[in-house]
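Residue numbers start from 1 in every chain, and the chains themselves are labelled A, B, ... in the order their sequence lines are given, proteins ahead of strands.
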Amino acid sequence: MREAITVRDLSYKYPDGTKALEDVNMEVHEGERIAIVGPNGAGKTTLMLHLNGTFRCMEGEVELFGKTVSKLKRAEIVKEIGMVFQDPDDQLFMPTLFDDIAFGPINQGLKGDEVRERVDKAIMSLGLSGYEDRAPHRLSFGEKKKASLAAVMAMEPRILVLDEPTANLDPYSRTELIGILNELNDREGITMVIATHDVNAIPELADRIYALNRRIIETGTPREIFFDGELLKQNKLDVPDVFKLFDVMRCFGFNCDKLPLSLDEAVSGLTRVIETAGGHIHLHIHEHTHDEVKKWREKYEHH
Amino acid sequence: MREAITVRDLSYKYPDGTKALEDVNMEVHEGERIAIVGPNGAGKTTLMLHLNGTFRCMEGEVELFGKTVSKLKRAEIVKEIGMVFQDPDDQLFMPTLFDDIAFGPINQGLKGDEVRERVDKAIMSLGLSGYEDRAPHRLSFGEKKKASLAAVMAMEPRILVLDEPTANLDPYSRTELIGILNELNDREGITMVIATHDVNAIPELADRIYALNRRIIETGTPREIFFDGELLKQNKLDVPDVFKLFDVMRCFGFNCDKLPLSLDEAVSGLTRVIETAGGHIHLHIHEHTHDEVKKWREKYEHH
Amino acid sequence: MVEYPEIDRYSSLDSVMHRFDPRAKLIAFLILIFSIVLLQDLKLAFIGLLGAILFLIASKLPLRFVLQHIKWVCFFIVPFILIMPFSVHGTGIFHFHGLTLTYEGLEYGILVAVRALAAVIIVLPMIATTRFDITIKALGELKMPNMLVQMFMFTYRYIFVFVIEFQRTWRAMVARGFQMKTNLYALRTIGKALGTFFIRSYERGDRVYQALRARGYTVKPKTLVEFKMRASDYVWTVVIIGFAVSLHVVPFVEVT
Amino acid sequence: MVHISDGILSLPVLAAGWAITIALIAVALWWSKRRGNVEEEIPKLSVMTAAFFVASLIHIPVGPTCVHFMLNGLVGVILGILAYPAIFIGLVLQAVLFQHGGITTIGVNTVNMGVGALIAFAIFRVGSMYGSLVVRKELSAWIFGALAGGVAVFLTVIFTAVSLILTSREAFFAVAITLMLAHIPIMIIEAIVTGSIVVFLLKVKPELIGGLGDDNK
Ligand SMILES: Nc1ncnc2c1ncn2[C@@H]1O[C@H](COP(=O)(O)OP(=O)(O)OP(=O)(O)O)[C@@H](O)[C@H]1O
Ligand SMILES: Nc1ncnc2c1ncn2[C@@H]1O[C@H](COP(=O)(O)OP(=O)(O)OP(=O)(O)O)[C@@H](O)[C@H]1O
Ligand SMILES: [Mg+2]
Ligand SMILES: [Mg+2]
């Protein structure tokens with residue numbers, strides 16, 4: 001597997017002296033889906049702005065497919081990596097949706113018909129047809145979010161970097177967006193790096209997590225990270241509710257080898273456990289149940 | 001119980017012709033905590049702007065403690081109702097946090113010492129001491145959110161209206177904010193109206209839900225609303241994960257009279273069910289399990 | 001508190017003006033506006049105004065919209081019409097507390113008013129019948145420097161973002177009991193609120209620049225447009241420019 | 001009020017307005033190209049122009065009528081030389097989006113407001129450099145901020161009056177005087193508001209003051 005992104009010993013200080021990143025090391029394989037988690041102000045956005053060369057590395061370096069970002073030309077970086085920002089209003093800068101989506105391809109030097117093809121494809125795959133001539137300020141927040149994703153997709157980058165894609169979306173639009181992203185990864189093998197506070201979305205959205213809090217605290221599969229109670233607590237992180245719930249069911253004698261992270265996993269896990277136990281399991285309150293529940297509570301409690 | 005807010009037959013059209021509200025009727029008792037849910041563009045923000053008289057009612061009317069809002073003076077409305085907007089940046093407009101929190105009390109005509117007292121109290125109760133002289137744009141998102149709440153609290157309103165208070169917060173700050181709001185309601189009996197997409201927070205934050213989608217679709221306790229599968233589906237609403245999970249466990253023969261809405265409820269529910277069954281229950285796969293799981297899946301699936 | 005620009009609200013109607021090629025439309029009507037504001041003769045100015053009204057009618061824009069957009073000019077013109085008849089020397093028609101209302105002054109005042117009104121009326125068929133972003137693109141096609149075209153695009157887009165943002169801030173201020181009066185406290189508060197607003201705008205400017213760069217922005221490229229002149233576009237161009245020119249040439253020919 | 005509409009000014013005045021405006025825009029853009037990174041400045045300048053545009057839509061009640069902010073002094077203090085193209089863009093958009101001011105008069109109106117902005121910039125630059133030697137920094141910023149704001153409006157009104165009088169002294173003299181008198185309260189309001197904004201910015205985000213794309217910030 002090739003490395004899509006390599007970050008080596010990256011540190012960054014804002015001009016006013018705020019240390020936002022310290023000694024960050026990171027490796028993302030091609031086709032992988034990575035989630036970056038960490039509290040408000042952890043440096044997630046700052047890190048992402050280094051990936052596409054918006055911020056020059058002051059210390060350390062970033063490589064895309066083995067090439068140092070600071071030595072690449074803008075046009076080359078843009079071909080490799082597309083970035084969707086936190087606030088869609090920052091990134092929809094043209095008066096209509098069509099112009100905005102066409103903006104990237106035009107900058108890449110494509111000609112009329114190619115541009116139109118790219119725009120059509122992006123619009124189709126995000127279900128935005130009919131919106132081409134709309135002004136961004138007449139879109140709902142969820143639509144703006146999808147539009148900003150379409151604008152980046154039209155550039156057909158090999159890596160997609162997304163800053164809190166699910167924030168402020170209603171549950172329906174959120175599910176829809178998650179589906180779209182996974183399809184992109186599936187069908188076109190696009191590598192993804194996603195910063196998010198939405199822990200319930202992580203199991204569906206990421207193969208691996210980087211926990212960031214100015215420095216990289218830990219990396220691992222969602223399961224590995226969510227299992228590390230101490231790590232979670234120290235870095236103000238959280239765990240999906242389903243995971244917590246199955247964890248507490250263990251106090252009642254539920255014997256689950258693998259705690260589920262999403263509802264789907266929960267159902268299939270439940271089915272499997274019951275089936276392997278001969279179609280039938282017990283839950284009971286035994287002498288240690290209450291102590292165990294208490295411990296469980298402490299593990300996830302934030303205060 | 002007195003009515004804190006009464007909305008009667010309220011309709012609203014934006015100048016460009018968008019119908020945002022139609023025939024909205026709503027009653028909020030004193031001391032109640034109300035959640036307003038609905039998809040992006042449902043009119044939640046628009047409704048809230050009517051509650052504090054920012055928008056004049058074109059059709060219908062709003063009453064606060066029995067007095068018609070449109071007939072009240074600005075100063076009187078402000079004493080009754082405080083509003084925390086979606087984006088904290090929109091409402092922190094003074095150079096320092098102190099100035100910002102003092103802004104409301106000064107407009108209420110209070111004098112130096114009283115103002116200072118109010119500010120101190122608000123700062124204390126939100127844990128913002130030490131931040132008085134900071135400029136708002138140097139605060140983290142979670143801090144800004146708390147600051148905007150403090151600014152409204154300093155005016156000591158009897159009703160608090162909050163637009164998506166948990167959006168963009170990290171899980172820790174989110175838990176903290178929920179705690180603060182519930183304490184305010186508990187200790188000072190403040191009535192609360194909260195618009196939110198964060199279904200997992202609703203059981204902890206609200207006694208009653210209004211489902212809004214341009215018109216009021218339904219009202220009821222969280223349990224009542226979350227039980228109404230058709231309603232949820234038609235209005236693109238969602239249900240807490242814990243609720244869904246216990247719902248699926250019923251397919252496996254789990255006999256729960258009351259589906260839990262939060263983790264705490266889940267644990268105590270589980271304990272109670274097992275205890276009433278004599279310290280011991282079965283889960284099993286019976287002949288209808290798979291069909292039931294399939295039905296369950298359809299019930300909550302958005303696509 | 002602040003209003004939204006809605007000049008292209010009726011750009012999706014259908015009329016000969018709506019179908020007119022935006023580039024030709026801009027050129028032709030700009031020439032007409034310049035031609036009318038330079039007229040010196042009241043009769044000709046009235047003919048210009050009549051022409052302007054005919055073009056406006058051809059554009060099928062609703063009357064309410066039209067009145068809303070020309071009311072500002074009417075306010076602006078009022079002091080001229082009220083004061084000039086008394087300040088220009090000439091044949092007195094009417095004496096009033098030592099002031100003399102002159103025929104010449106009245107005529108000049110009316111001339112100014114008619115020219116102003118005609119010009120502003122022509123702006124409507126020129127601008128309000130095309131989506132504003134397309135008008136900006138047309139300017140680009142007409143060889144306006146690319147830097148300026150882009151500034152128009154971005155500025156136009158962010159006006160909407162900021163109107164909405166400012167409305168929200170204003171609501172938050174009112175919700176905390178602020179009332180706009182003309183006193184020092186209110187003015188200083190407005191000053192501070194505007195200061196915050198500018199800081200946020202400046203920071204947004206940074207983020208917009210980052211987003212632009214992330215999509216490979218260079219100053220060079222243009223937007224994708226396809227304008228095509230059809231026969232009817234040539235006809236209209238000739239008609240409008242012909243009218244503009246004849247306002248100046250015909251009286252000259254008559255005299256000689 | 002100070003945006004002169006179409007149909008009033010004479011050909012020589014209009015032509016002079018356009019000539020000066022085109023020349024000054026060219027100089028400003030050339031200067032910024034030489035000085036810094038245009039690619040960076042176009043988006044930032046556009047966003048700030050939009051912000052000023054929106055701020056100038058705010059109306060304030062004065063007696064029975066309303067006035068709008070002009071803010072050209074502040075634009076000058078913040079954007080420096082690039083204030084000129086920013087004001088040009090703003091005025092074109094005001095003319096075509098709201099019909100405030102005319103089309104043919106954009107050149108003249110830009111001179112009237114833009115030169116005021118440039119001079120306000122100079123006043124503030126020089127003033128606060130020496131002013132802070134004499135009084136507290138904040139006070140000096142307030143004084144020169146207010147001065148810049150007031151002077152910019154004053155100059156705009158004077159220039160507007162001059163463009164009217166150059167067109168026809170006889171016809172427009174009285175109008176010009178009325179115009180100037182009517183703007184005295186606006187001048188005072190702008191001075192106060194500009195002063196408080198400048199102090200605020202200096203306290204909270206000093207890099208915003210003193211010219212976009214300027215090296216020494
Ligand atoms: N322009 C700036 N100047 C100075 N400090 C900054 C600037 N931008 C961010 N910071 C600081 O750098 C740190 C990291 O910020 P960053 O925006 O990367 O956090 P984040 O992880 O994206 O947070 P969030 O979850 O709230 O989006 C924070 O402490 C922040 O206050
Ligand atoms: N200023 C405006 N002009 C015209 N239409 C508007 C305006 N503000 C909102 N709308 C429209 O009114 C409807 C209701 O908007 P509102 O902001 O109340 O929704 P909301 O429920 O708060 O949505 P969200 O969850 O995205 O915050 C939407 O269709 C929106 O597009
Ligand atoms: Mg961030
Ligand atoms: Mg809303």
Side-chain angles (χ1 to χ4, degrees), chain C residues 1-3 5 7 30 33-34 37-38 69-70 72-73 76-77 79-80 83-84 86-89 105 108 112 115-116 118-120 123 127 147 150-152 154-156 158-159 162-163 166 180 182 184 187-188 190-192 194-195 197-199 201-202 204-206 208-209 212 217-219, chain D residues 1 3 5-9 11 14 25 29 38-40 42-51 53-55 57-63 78 85 89-90 92-93 95-100 102-104 168 170-175 178-179 189 192-197 200-201 204-205 208:
Chain C
M1 189 62 195
V2 291
E3 52 193 320
I7 188 72
L30 279 176
I33 290 177
F34 271 97
V37 301
L38 296 175
H69 280 266
I70 61 177
W72 176 257
V73 168
F76 186 85
I77 288 302
F80 285 83
I83 298 172
M84 283 167 54
F86 295 98
S87 67
V88 176
H89 299 295
Y108 198 11
V112 163
R115 291 191 307 209
V120 80
V123 173
I127 302 289
M147 272 168 82
Q150 284 178 5
M151 281 181 66
F152 275 117
F154 298 153
T155 305
Y156 179 63
Y158 282 97
I159 284 173
F162 291 147
V163 166
F166 197 86
M180 188 65 233
T182 327
L184 197 61
L187 288 179
R188 285 180 48 180
I190 285 273
K192 288 176 185 171
L194 279 179
F197 173 68
F198 288 134
I199 290 177
S201 309
Y202 180 83
R204 191 187 282 278
D206 270 339
V208 169
Y209 168 61
L212 274 158
Y217 174 69
T218 54
V219 186
Chain D
M1 262 310 268
H3 301 346
S5 68
D6 286 320
I8 290 166
L9 300 179
L11 181 59
L14 291 178
I25 289 177
L29 293 184
V38 210
E39 202 182 288
E40 181 170 352
I42 287 179
K44 288 185 181 173
L45 188 58
S46 310
V47 172
M48 285 313 277
T49 304
F53 184 95
V54 171
L57 295 177
I58 300 169
H59 27 260
I60 296 197
V62 174
I78 293 182
I89 300 273
V92 172
L93 289 176
V96 296
L97 297 178
F98 291 113
Q99 284 69 52
H100 290 198
I103 302 283
T104 54
S168 160
E170 188 193 5
F172 294 134
F173 192 76
V175 178
T178 319
L179 188 91
I189 289 178
I192 296 173
V193 170
T194 310
S196 20
I197 294 178
F200 177 27
L201 294 182
V204 182
K205 202 165 175 84
L208 229 159

Q.
Please classify the contact between C/Phe34 and chain D as side chain, backbone, both or neither, with a heavy-atom cut-off of under 4.5 Å.
A. both

Q.
Below 4.5 Å, heavy-atom pairs only: which of D/Ile192, D/Leu97, D/Leu11, D/Val193 has the largest tally toward chain C?
A. D/Leu97

Q: Measure from the side-chain N and O atoms of D/Asp6 to the backbone N and O of C/Ala116, and report whether any donor-acceptor pair falls under 3.5 Å.
A: no

Q: Check whether C/Val112 gets within reach of chain D through its side chain, its backbone, both or neither, counting any heavy atom under 4.5 Å.
A: both

Q.
Tell me which of these, D/Ala51, D/Ser196, D/Ala95, has more heavy-atom pairs under 4.5 Å with chain C than the rest.
A. D/Ala51

Q) Under the side chain to side chain donor-acceptor pair (under 3.5 Å) test, which residues partner C/Ser201, sequence neighbours left out? A) none

(Q) Could you check whether C/Asp206 pairs with D/Lys44 (Lys NZ or Arg NE/NH1/NH2 to Asp/Glu carboxylate O, under 4.0 Å)? (A) yes

Q: Measure C/Leu212 against the heavy atoms of chain D and call it side chain, backbone, both or neither at under 4.5 Å.
A: side chain

Q) Side chain, backbone, both or neither: which part of C/Phe198 has a non-hydrogen atom closer than 4.5 Å to chain D? A) both

Q.
Taking side chain as everything from C-beta outward and backbone as N, CA, C, O, which of these in C/Ile159 sits under 4.5 Å from a heavy atom of chain D? Side chain, backbone, both or neither.
A. both

Q: Side chain from CB out, backbone as N, CA, C, O: work out which of these in C/Ile77 comes under 4.5 Å of a heavy atom of chain D, or both, or neither.
A: side chain

Q | Per-residue contact mode, D/Thr104 against chain C (heavy atom under 4.5 angstrom) | A | both

Q.
Using the ring centroid of each side chain, check whether C/Tyr217 and C/Tyr209 are separated by less than 6.0 Å.
A. no

Q.
For D/Ser168, which atoms come within 4.5 Å of any heavy atom of chain C: side chain, backbone, both, or neither?
A. side chain

Q: Output all residues satisfying side chain to side chain donor-acceptor pair (under 3.5 Å) with D/His100, sequence neighbours left out; order by chain, then residue number.
A: none

Q. Quick one: are the ring centres of D/Phe53 and C/Phe162 less than 6.0 Å apart?
A. no

(Q) With a 4.5 angstrom heavy-atom cut-off, is it the side chain or the backbone of C/Ile127 that approaches chain D, or both, or neither? (A) side chain

Q: Determine the minimum heavy-atom distance between D/Ala50 and C/Thr155, stating which atoms define it.
A: CB-O, 3.6 Å

(Q) What I'd like to find out is whether the side chain of C/Tyr156 reaches to under 4.5 Å of the side chain of C/Met151, using heavy atoms alone. (A) no

Q. Looking at D/Leu93, D/Val47, D/Thr49, D/Leu201, which has the largest count of heavy-atom pairs under 4.5 Å with chain C?
A. D/Val47

